[in-house]
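Chain A is the first sequence line, chain B the second, and so forth, proteins listed ahead of strands; every chain is numbered from 1. Nothing here was measured: the structure is a model prediction, and the numbers come from that model.
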Amino acid sequence: MINGDLTQSIYLLLLFLIAGTPLVLAGACCTTKGKMVSRFLPLAAVPALLASYFVPAEMVVEVPWFFMSGRMGLDGLGRLFLPVSAFIWLLAGLSGRKYLESDPHRARFSFFFLTAMAGNFGLILARDILGYYLFFALMSFAAFGLVIHKGTKEAHKAARIYLLFVMIGEIALFLALALIADKTNTLMMAKITDPALSPVTLFLLFTGFGIKIGVLPLHGWMAESYQATPVPAATALAGAMVNAGLLGWLRFIPLSEIVSPNGALLFMILGALAALYGIIVGLTEKRAGAILAYSSISQMGLMTVVFGLGLTGFEAGRQALLILMIYTTHHSLAKTSLFLGYGVMKSQPRDPSKWQLAGLYLPALALAGLPFTSGAVAKSAFKEFAISNGEPWLGLSGFFLPLTAIGTTVLVLHFIEVVQRNEGPTTGIKPVDRNSWWLSLLAVALTIWLWPAASIQASHTLEPIKIWQAIWPVITGGLLYLVWPMVATRKKNEKNDYFPEISSLTGNTTEFDWTGKLNRVAKWFQQNGKTRKIDWGKRDSAAKIDLRLRQTEKIMQRWTIVGLSYLLLGIALYFLLI
Amino acid sequence: MTIFNSSAWIVAPIIIPLIGGLLCFLWRRDTFFIALFISLANLLSVTTLLRQFLLFGPLRYRMGGWEAPLGIALRLHGPALLMLLMTAVSGIGITLYARGYFSFRISALKHNNRHEQQERFFWPLWLMLWTALNALFLSGDIFNLYVTLELVSVSAAALAALSGKPASQIAAFRYLLVSLLGSLSYLLGVVFVYKTYGILDLEMLRQIATPGPGLQMALTLMTLGLLLKTALFPLHFWLPPAHANALAPVSAILSGLVVKGSFFILFTLWFEIFASSITANALDLIGLLGAGAVIWGSLQAIRQQRLKLLVTYSTVAQLGYLFIAFPLTATENISQEVWTAVTFMVMAHSFAKTAMFMAAGTIFLQVGHDRIRDLAGIRKSLPITSFAYAIAGVNLIGLPPSGGFIGKWLLLTAALTSGQWHWSLVIIAGSLLASVYVFRVVSRLFLTPDEAIIQECRPHSPLQEWPALFLAIIALLLGLIAPYFSLILETTEIVANLAPGGGL
Amino acid sequence: MIIKSRRKNKRRPFDPILLLVLLLTIGLTALLIKANYTIPVTSFGLAAEVARFQPRSGVESPVTAVLLNFRGYDTLLEVMILLIAVIGVWSLTKAPFPQKAVKTSPVQLAVVRLLAPLMCLVAAYLVWQGSHLAGGAFQGGAILGGAGVLLLVAELPWLRTIHSRPLRIGLLIGPLFFLGVALLGIINGRELLTYPGKWSGSLLLLIESTCAVSIGLTLASLFAGGRPADDLIGQTKTPACNREQKRC
Amino acid sequence: MTWQGWLLICILLSSFLPGVIIFSLPEDKYRFRTSLNICGAVIKIIFILIMNVGIYYGHSFELRLPLIQGMELILNADPLSALFTTLSSVLWLLTTIYAVGYLEDSPNRSHFFGYFSLCVTVTIGIALAGNLLTFLLFYEMLTMTTYPLIIHRGTPQALRAGRNYLIYTMSGGAVFLFAIVWLQSITGPLDFSAAGFSPRLLDTHRTALIFIFILLIAGVGVKGALVPLHGWLPQAMVAPAPVSALLHAVAVVKAGAFGIIRIILYVYGIDNISSLHLYSFLIAISSVTIIWGSIRALQQNDLKRLLAFSTVSQISYITLGMSMADQPLAIIGGLVHLVHQGLMKITLFFCAGNLAETLGIHKISEMKGVARRMPLTMTAFTIGALGMIGIPPTVGFVSKWYLGLGALALGNWWVLLILAVSSLLNAGYFLPIIITAWFGKQEAHWPEERRFNRFETRLMLLLPPLFTAFVVIAAGIIANAEISPLAWVKFIIREYGL
Amino acid sequence: MTDNILAAFDLVLITTLLLLAWKLLSCEDIFTAVVLFISFGLLMALAWVRMRAPDVALAEAALGAGLTGPLLLAALRRMERIRKYERRLDLDEERNDYKKPKKKQAPPL
Amino acid sequence: MLTNNLYNLCGLLLFGMGLFALFACSHLLRKILAVNIMSSGVFLVLIATAYRPLGAGEIDPVPHAMVLTGIVVSVSVTALALILACRVQETSNHSLSQSERNTNDGDSEE
């Protein structure tokens, strides 16, 4: 038993270390030696990686005093999300080590980086709703520091927009969680079941986590932030933190336990729109980071569709869960790889080499769903899922998925072109660690095949028909991309206002002065309030009153007036005393 | 201890200051010590009376051994005892302060024996006034009350004129005339009483007094005279100049004690002796005038530019509260509360106003003026005085736990319980206005001015500062020792008979 | 007529307020008269009481008995009022004697010399007869005061040099004696102002005599209109300290 | 008198005596004054801890001083007063330390610290009051003792602010007095008790009781800065920072909020209020206050004014919680915010004071990049601000959470919207400040920079905000622990009988 | 008969008293008023005698007329003398004392 | 009773006259005279009340004593008032009638 206790304690320790290590390191950033911390960024993710391997599932630690009801532990979802996130953070940390060397604010960067990391890990571990909320907020707000890190005007703008969306998300989540807690009378996630989720709650949850994912009306922050954030941080943002939103959905809207046709419709429609929207707008974009953001919007849109499908029934839910896991793993790794690749290309003084280009193509086409890549596995699984669900969702597999695949192909090709056209490093660009990129490529290439849970789906993709189904959209996309330059040149003159109405929708206005607007409202109130105030301090009126009082008192001091009042009082008293 | 059980102690508060006054006039040297000794002896006698009262209840004393309709009786009941106590304590404070005040003036101001002369005459006059007040409170004879009233008037007028400034002479003259008019009105009332009943003793009058034309006129006249002397609102014209222009200790005496004398008589007559003849309408009229006094006095106080005038007008306002209590007695079951309330108001106001005038006097002496505008930062050089002023102000506003608060609380309770809530509005408005005029000054005193303006002018002696603080704190803590006072008030027979009878 | 006189004095010919005051005064007086006549005559005062206790008072005149015995307390206080008036007057001002001696006419001087002792005699008589007939301390004192007034009117030069202390003693002798006798009652274990039965008559006479002296002096002092010239001598002066020095 | 009674007296005296002694000390007795002050504060905390333990184990602490018939002064420590006393005394200690540093070389310190101590004595008195009369007593004394602090600077603005403060609070006090007397004329003498007055009175005096309630709320609402009555608070910002901290976090505003709690829970009793249908009135008032305060805060450029308006908004959360007193969760939210708001707001004011004292910064527009110069201060500020917005794991979130749950349990879903909008507005005025401070670039020199050796500012100015900021987070994180304010509030609710 | 005479006497006395009072209160010259007042006092003493109050009558004659009259006259004389001569200057010194600090008034805060 | 009533009437009329004169006249001495007239009126009422015609009974001596007291008081107060009036005259530069006016000014210097 002693032995058992010992291992138990080691597991416990590991659990604490998962979020604890980054936090402690973040704390270290605040000391005078804070600048040195940046060297240990990758280390912070190591306990998480170890834990996801060693700590058994369903290990729950209860810390009742912690934030109203502390329950932490790893469950199935956690054991999937944690290693992926940890790995991506590790890569991001690795790439950041070098990137930060010359940055004067590296302590600050490390602080926010580590805090966001802690938040990310923590929310995966959290088993109660407030814990999730706590770490989600920690991550979101810490990421703000990463977005604004460059300190440029664009970064400030991006950060402001980011913060606005974070706040909206937080509030939506707060409301949703309150509603849930009110319904379930507990803070434990496990208790969330169908009756706990009213349509309003569902909508709030959709909004709250959707912001992180970038579902359609709430995507406005993404492009700007991805573009503005330093590459290592953007990697984490796009690879790991996005998943927190998805995980939130999964946690709070437990698929396979909840059926909500209306919710499904909401998710699917908005997801599908996002999938297409991301591609189209991404194509108009000239900045690599932003293109990746739109690609994320599109990809997450697809996942939203899957999630929506999962809401149609219990069985569908179970399947959707698996597909989402596969898809999100695939997408995270691919996006990480793309970001790192982009970072490497951008920071090196020379043009990208052929290997490097190949390295960029791998994750890009994986996103598009090229056979033998993780993307193909994910998409075929999706397709099968859609088919298995039967009407009315068959159209998805036949038409919609290939369409997005074509679109994605075009988009990633556009991205690669943008990266290739890179004019070399500008002054602000710092070198990104190349090894991390290679590592990520390795992961993109191998993970899906080595992953036991996805083995069935992976083996399915090896069928010829599947290969064909996977490859034709890519080819079509490639062909389309060849036509693209003509379109692009024709539109060159109007490059500043592609889809002007959309750009305004994304919050891309140059001055979105939201405090200013509120100020105006407040001022209106103030002015209207002021005019109605009685002006007590008016000097002349006060003086007038003073004079009146003085005169009256003087008159009252005359003997005749005194006599008058004396006599009147006497007579009145006499009659009143009867 | 038997000596302390002698009923003769009841004359001690009259005789002791009287002897003191005569001696002070005769001796002329060390008058302060005589006065101090007298005030302590007076306190001792009042304390003895208190003890006797608590042991044996109300006292009645036959002057010269003659029974009531023929002789004059003294009577000691709860309210009278409290008034005696109030005068004794205030008196000690005033005595001490006056010493400090005069010695500062004698030593610090250019003079041609003027201040010595003032001090020399202050002591006998003050002790005589004290005698008069004590005699007034103890008197049980309606004509004897007239004599004591005159005694009070003459000595008070003489004191008011003591400062020798032209304005004070004019004011004192006016004061004297008003006092005379008031006394004469009262005397005519007494004449009517005597015509009707052929009796002068209060207790007997209480027993046989029934409503009738003679009593009606008598009450009208006596009330008129006493209202004039108490300076109720439209008849307050004489008070501000007289009180504001007198020497500071004199102002303290006049505002703190003298007006309470005539009010005491009025209250006794209305609610004890002739309670059966009082009508609700008359009570309302008095209440109305009281309300007018509260509002008008406060407004005038707010308007004043000079400290002493401000304090004086606040007296006008505060006296109004005492009259607001009148209509509240109209409800049977709460009249005892009103009696208590009035006693508290009187005592609290007495202490507070005495302290306030002392503080104002000290400020005037130290700074050389009393323009409120230019009083910034006096706290720096006169901390104790400023505190005393502020604490006294707290009393006037009626903030807890001061005696003023207890009084106001009881009045409010009475007003709301009896359904006459309009009076409570006046009371509330009065305290708000009071806070305005109090803080107009306090905020100045407690300001931190530039260093350059602060002049180091330490007061001459602690006697100038501490008595004021002492009295102010007594007023402040009056609320906390309230149970003892209400005990005294409740052990009075009079209280039991306080409720006006069938006349309502 | 009064209105007319005001009309001459004042620029404003007519004061409506004054008219109002007049009307109201008339009204109040009318009320007074009405009340006076509606009082039912039921009581006959305290005459019977006084008559009943007269023998025990020690004097024969009922008024004196009331004044000094039954209601002696009032009288005691009244004497004090007189005294206070003197103190008040003294506190206000010095007696306004002419700066230089005025030559008094011999006739006036002779009259004074004749009248003053005579008035003293009359006063003594009045006091003495006060115990059984009309008269008493006040009347006697008033005559004494009249003598004093006579002297003062004559502006005799020695009046100016009267010292304060003997005068004060004279002023106080009556009240102090009265007070002392009053306290005698307490010392005897009775009430204040209780006279010892046997001697009450003579004690009352003594009180009346001393009081008459004091009252006479009081009235004369009131007429003199101020304190004696030497009243402030004997006070040690503290060195005058300049106020400005003190302040800074 | 029992030892419990003596303990209550000692608690009051432990700040009263130092106050009185300090008044009489000469200006230059710096060390003695400081140690006296701090000793007093520490002793007070110890006493209060003893009292808390006693209360927890069921001792009753009561002291009665009958005045006259129908008037009685009662000191009574129940769990609620323990909450307030603990908060006030701890924050007083911190504020004293801070004030020592803040006023290191300014004039009139004896005066200042004297009133400071008296002010806390009075606040504790408010907390310990056992009936409305006693409450009123200390409530009015609070006005008296804070007024000199507000006009401490003696500038025309300070005088104006003081005058306005007096006008507001004296009027409020008068209304309060009126209401109390009226109430007692109906109900007779009332001690604070969970049941409130007898429901039988509702039949006969319904309208009067409604009026009285409104008057009572108006009376305490002046100090509690409910919206139409909040005008004094922003003006009072001219006072030195420790005073602002005292006003907002320790004493005045808190006293108002505490009064509202007392009236609702212990004078009327939740059932009576419910049968009088007064909750909607309360909700309306508090909602308007919350939103209006935030809107006004948005447009401020002066940091302290902004904080003042933020207080207006935040303090009304307590009222909001009370306005849903049918529901224990909402009461918890309201009560715990009493503590939480104090912690957060005092942090913010300390920081604002630090900025003003070290760099001469008063305006938000001057704060660009200030965090680089004063990182610790701004860290504390940020934590406080995030707490105000309600970001977990700060205490602000805990309050909001319980308020939200309470509202939902009552079915008042729209209260949740109020909370949401308020959070958004809070973010609207706090986040730009934080961004400016941390990520802005310093454009000009600081208005009045003073350098201190090792730290960014005086140590005595730095430690208190850091401590409170730490507590803001720590108390949130350990909200469920036995020693957290929340736990105590739950204890209060249990004792109250819900 | 005696009653009638007495009644007539009463009427005359009362009328005279009232007329005197009226006159002395309304006449132009204050000196005349004082003189009239003295005669009023003497008539009053007569009234007291008529009211069978010899003590009062004596006192009135001695005090009311005999002393108040000279007092009034003395005061009148004193007042007129004051009007002729300049008033004493030393009375004002105290006021001057107080006025001095006015020069250095605090600047308006 | 007729005599009593007559003198009562006279006393009350005197009181009324004095009252009006006190309010209406501005000269200080005249005010003092008015007050004296008033007091005479009051005394007259009192004595008239006590009066009994010869043979109609004992005269009540108490009112007599009261009036005696009153006369003494009134003389002393009159004396004080007169000296005060002189002082008013001495200390203020104003003429007699104006000085009374001046009292009204509560705000005058000191």
Side-chain angles (χ1 to χ4, degrees), chain C residues 2-3 5-6 9-10 15 18 21-22 24-26 28-30 32-33 35-37 41 44-51 54 61-68 70-71 74-75 77-79 81-86 88-89 92-93 96 136 138-139 141-142 215 218-219 221-223 225-226, chain F residues 1 4-5 8-27 30 34 41-42 45-46 48-52 56-88 90-91 97:
Chain C
I2 290 169
I3 295 172
S5 76
R6 278 190 65 82
N9 289 344
K10 296 281 150 189
D15 194 346
L18 209 58
V21 171
L22 180 61
L24 285 172
T25 317
I26 292 169
L28 187 69
T29 317
L32 280 169
I33 292 164
N36 185 47
Y37 285 102
V41 185
F44 295 94
L46 296 168
E49 286 277 319
V50 175
Q54 172 96 52
S61 158
V63 177
T64 312
V66 174
L67 210 56
L68 284 178
F70 303 141
R71 300 185 69 87
D74 275 347
T75 314
L77 292 183
E78 185 196 338
V79 171
I81 292 183
L82 273 172
L83 194 64
I84 291 174
V86 175
V89 167
L92 284 172
T93 174
F138 292 112
Q139 294 83 346
I215 289 170
T218 304
L219 294 173
S221 305
L222 286 176
F223 182 80
Chain F
M1 279 290 96
N4 298 36
N5 284 340
N8 266 334
L9 181 72
C10 176
L12 291 174
L13 284 177
L14 284 178
F15 182 83
M17 259 186 229
L19 195 61
F20 179 67
L22 176 64
F23 295 140
C25 298
S26 54
H27 197 293
R30 189 94 65 176
V42 176
V45 176
L46 194 54
T49 308
Y51 170 71
R52 300 284 176 280
E58 276 294 299
I59 285 187
D60 187 356
V62 176
H64 291 197
M66 282 157 71
V67 169
L68 266 179
T69 311
I71 288 176
V72 174
V73 166
S74 114
V75 167
S76 43
V77 174
T78 306
L80 184 64
L82 283 172
I83 304 300
L84 252 178
C86 292
R87 284 287 299 165
V88 168
E90 279 173 20
T91 49
S97 56

Side chain, backbone, both or neither: which part of F:Leu84 has an atom under 4.5 Å from a heavy atom of chain C?
both
What pair of heavy atoms forms the shortest contact from F:Leu68 to C:Glu78, and how long is it?
O-OE2, 3.7 Å
Whatever's closer than 4.5 Å to a heavy atom in chain F on C:Gln139 counts as side chain
Approximate separation, where rounding is to 0.5 Å, of C:Leu92 CG and F:Leu80 CG
6.5 Å
Are F:His64 and C:Val66 packed together at the side-chain level, in the sense that at least one heavy-atom pair is separated by less than 4.5 angstrom?
no
Is any side-chain heavy atom of C:Tyr37 less than 4.5 Å from a side-chain heavy atom of F:Leu9?
yes
Check each atom of C:Leu24 against the heavy atoms of chain F and say whether the ones under 4.5 Å are side chain, backbone, both or neither.
neither
With a 4.5 Å limit on heavy-atom distance, are the side chains of F:Ile83 and C:Leu222 in contact?
no
Closest heavy-atom pair, C:Val50 versus F:Pro61, reported as atoms and distance to 0.1 Å, is CG1-CG, 3.5 Å
Would you give the length of the straight line joining atom CG of C:Leu67 to atom CE of F:Met66, rounded to the nearest 0.5 angstrom?
12.0 Å
Is there side-chain contact between F:Val72 and C:Leu82, with at least one heavy-atom pair below 4.5 Å?
yes
With a 4.5 Å limit on heavy-atom distance, are the side chains of C:Leu219 and F:Val75 in contact?
yes
So what's closer than 4.5 Å to chain F heavy atoms on C:Leu28: side chain, backbone, both or neither?
side chain
Engaged part of F:Leu13 at the chain C interface, taking heavy atoms whose separation is under 4.5 Å
both
Can you say whether C:Phe223 sits under 4.5 Å from chain F via the side chain, the backbone, both, or neither, judging by heavy atoms?
neither
Would you call C:Val21 and F:Phe20 a side-chain contact if the rule is heavy atoms closer than 4.5 Å?
yes
Relative to chain F, which of C:Thr29, C:Leu32, C:Asn36, C:Ile81 shows the most heavy atom pairs under 4.5 Å?
C:Asn36
Portion of C:Val89 that has a non-hydrogen atom of chain F nearer than 4.5 angstrom:
both
